[in-house]
Undergrad: 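Below you will find the structure I want to go over with you.
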Amino acid sequence: MTLSPAHLLQLPADLDRQLLPHHVAVVMDGNGRWAQKRGLPRSLGHRQGVLALKELLRCCDDWGIPALTAYAFSTENWGRAHEEVDFLMTLFEQVLWQELEEMVQQGVRIQFAGQLSALPTSLQDTILHAVESTRQNQGICLTVALNYGGRQEILQACRSIATLVQQGLLHPDQIDEALFSQFLYTTGLSDPDLLIRTSGEMRISNFLLWQMAYTEQYFTPILWPDFDRAAFHEALLSYQSRQRRFGK
Ligand code: IPE
Ligand code: IPE
Ligand code: MG
């Protein structure tokens, strides 16, 4: 991928630095259609999608947005063709190895959300290595949602909390929103301010169900591999034009 011209590295003049989201979440959708439109196999759409995520991560870093969460594989995505699932698992592992050094240098802290124990063991090992290698980094926090499902996440939190109650370590009255949040995969991360979904679909697809109670949502017909700085700029302009009321 070519490097962005210098003027693109700075926050565009029509964006207000004070009103930037702290945490952006993305449903990276449309890789398959991007490839199909070009007569290419879906796998090439996924490869191109990785480059788009890389560029968005850079852009968030350049523009001063401290947290990015990307939906890479849902609990429902196991229902795809075996070849596609296998390709994606291999791709995740390859990309993590390839990008680790650059992420370390860039100060990226990578973490994962999802049920990782169901992933191939070599991918689990690579994930652990990447998380450990970037744990001390002070830059942007990249959370990759992998084998992630919002309902599954809420259920596993309920199970953990129920076990503590059963053991007499917790009283039901102590279960409040703050405590519940600590049992989610995103513990320690603020709720997303902005959700972006590409490819024209206007649904959540089981992403961050608890965390998105008050997240601003932005839908664009752009297919994920084509989502670039200009497209992100548009999304941020939309975000900054809104009045967030939180029910008040
Ligand atoms: C999103 O692109 C990537 C993953 C779900 C892994 P898709 O693969 O869903 O692409 P479309 O929606 O079929 O175009
Ligand atoms: C959501 O996209 C999941 C990811 C981007 C990883 P899908 O393509 O799986 O969602 P649906 O099937 O269109 O709802
Ligand atoms: Mg899709």
Side-chain angles (χ1 to χ4, degrees), residues 1 23-57 60 67-96 98-99 110-120 123-124 126-127 130 142-156 184-186 189 192 194-212 215 217-228 231-232 235:
M1 169 164 270
H23 180 186
V24 173
V26 279
V27 179
M28 310 185 285
D29 197 16
N31 293 348
R33 279 163 283 172
W34 183 92
Q36 202 173 23
K37 261 176 49 182
R38 289 163 176 77
L40 300 169
R42 293 176 62 83
S43 55
L44 283 187
H46 294 313
R47 276 198 195 285
Q48 201 64 29
V50 173
L51 299 181
L53 177 60
K54 224 186 132 174
E55 179 63 1
L56 180 62
L57 179 67
C60 286
L68 175 66
T69 297
Y71 204 4
F73 193 88
S74 74
T75 48
E76 288 71 34
N77 288 151
W78 294 108
R80 295 190 178 197
H82 281 302
E83 304 77 56
E84 183 170 354
V85 171
D86 286 352
F87 175 83
L88 284 167
M89 295 301 150
T90 308
L91 180 69
F92 297 144
E93 201 173 320
Q94 277 175 357
V95 170
L96 275 173
Q98 266 164 29
E99 300 300 323
I110 191 168
Q111 55 181 32
F112 290 80
Q115 196 195 7
L116 303 181
S117 60
L119 298 173
L123 176 56
Q124 288 183 49
T126 310
I127 285 173
L142 171 66
T143 304
V144 180
L146 202 51
N147 191 21
Y148 176 88
R151 289 184 170 181
Q152 187 273 335
E153 178 183 43
I154 289 169
L155 284 177
Q156 63 80 35
L184 299 175
Y185 297 126
T186 51
L189 200 62
L194 171 64
L195 168 80
I196 297 170
R197 182 171 186 150
T198 55
S199 89
E201 310 298 353
M202 295 188 209
R203 54 178 171 258
I204 300 300
S205 300
N206 206 9
F207 195 34
L208 302 175
L209 297 181
W210 170 277
Q211 297 86 340
M212 292 212 286
T215 298
Q217 313 209 343
Y218 179 83
F219 298 99
T220 170
I222 296 173
L223 300 173
W224 175 252
D226 291 328
F227 191 83
D228 59 8
F232 188 46

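Quick caveat, the model's predicted, so the values are computed rather than measured. We count ligands from 1, going down the list as the structure has it; atoms in each ligand are counted the same way.
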Undergrad: Does any part of the side chain of Met28, heavy atoms only, come nearer than 4.5 Å to the side chain of Phe227, both counted from C-beta?
TA: no
Undergrad: Which atoms of ligand 1 have any heavy atom of Ala72 under 4.0 Å away?
TA: 6 (C)
Undergrad: Counting C-beta onward and ignoring hydrogens, is there a side-chain heavy-atom pair between Phe87 and Arg47 closer than 4.5 Å?
TA: yes
Undergrad: Using a 4.5 Å cut-off on heavy atoms from C-beta on, say whether the side chain of Gln211 contacts that of Glu153.
TA: yes
Undergrad: Enter the distance from Asn206:CG to Ser74:OG here, rounded to the nearest 0.5 Å.
TA: 7.0 Å
Undergrad: Can you tell me which residue and heavy atom of the protein come closest to atom 13 (O) of ligand 1, and the distance to 0.1 Å?
TA: Arg42 NH2, 3.0 Å
Undergrad: Pair Lys37, Leu223 - check side chain to side chain contact (heavy atoms under 4.5 Å, CB included), show working.
TA: CA-CA 11 Å; Lys37 261 176 49 182; Leu223 300 173; 4.0 Å; yes
Undergrad: Applying a heavy-atom cut-off of 4.0 Å, say which part of Gln36 lies close to ligand 1: side chain, backbone, both or neither.
TA: neither
Undergrad: For the pair Tyr148 and Tyr71, name the ring-plane relationship: parallel under 30°, tilted 30 to 60°, perpendicular over 60°.
TA: perpendicular
Undergrad: Is there any N or O on Tyr71 that sits under 3.5 Å from an N or O of ligand 2?
TA: no
Undergrad: I need the atoms of ligand 1 closer than 4.0 Å to a non-hydrogen atom of Asn77, numbered in the order shown.
TA: 5 (C)
Undergrad: Checking contacts here: is it the side chain or the backbone of Arg197 that comes within 4.0 Å of ligand 2, counting heavy atoms only? Could be both or neither.
TA: side chain
Undergrad: Using distance alone, determine whether Trp34 and ligand 1 share an N or O pair under 3.5 Å.
TA: no
Undergrad: Heavy-atom contact under 4.0 Å between Gly30 and ligand 1?
TA: yes
Undergrad: When you measure from atom 14 (O) of ligand 2 to every protein heavy atom, which one gives the shortest distance, and what is it?
TA: Ser205 OG, 2.6 Å
Undergrad: Would you check, one step at a time, whether the test side-chain hydrogen bond (donor to acceptor under 3.5 Å, both in side chains) holds for Thr75 with Gln152?
TA: CA-CA 8 Å; Thr75 48; Gln152 187 273 335; over 6 Å; no
Undergrad: Considering only protein heavy atoms, which is closest to atom 1 (C) of ligand 1, and at what distance to one decimal place?
TA: Met28 O, 2.9 Å
Undergrad: Please write down residue, atom name and distance for the protein heavy atom closest to atom 10 (O) of ligand 1.
TA: Gly32 N, 2.9 Å
Undergrad: Counting each atom of ligand 2 from 1 as listed, which ones have a heavy atom of Phe73 under 4.0 Å away?
TA: 6 (C)
Undergrad: Mind checking whether Leu88 has an N or O less than 3.5 Å away from an N or O of ligand 1?
TA: no
Undergrad: What I want to know is whether Arg203 and ligand 2 share at least one N or O pair that is separated by under 3.5 angstrom.
TA: yes
Undergrad: Is it true that a side-chain atom of Thr143 and a backbone atom of Gln111 form a donor plus acceptor pair closer than 3.5 Å?
TA: no
Undergrad: Considering Arg80, Glu201, Glu84, which one's heavy-atom position lies nearest to atom 8 (O) of ligand 1?
TA: Arg80
Undergrad: Check all N, O or S atoms of Asp29 and name the one closest to the Mg ion (ligand 3).
TA: OD1
Undergrad: Just which atoms of ligand 2 are under 4.0 Å from any heavy atom in Val27?
TA: 1 (C), 5 (C)
Undergrad: What distance do Leu44 atom CG and Arg38 atom CZ have between them, rounded to the nearest 0.5 Å?
TA: 11.0 Å
Undergrad: Ignoring hydrogens and angles, tell me if any N or O in the side chain of Gln124 forms a donor-acceptor pair with the backbone of Ser117 under 3.5 Å.
TA: yes
Undergrad: How long is the span from the CE atom in Met89 to the OG1 atom in Thr126, to the nearest 0.5 Å?
TA: 12.5 Å
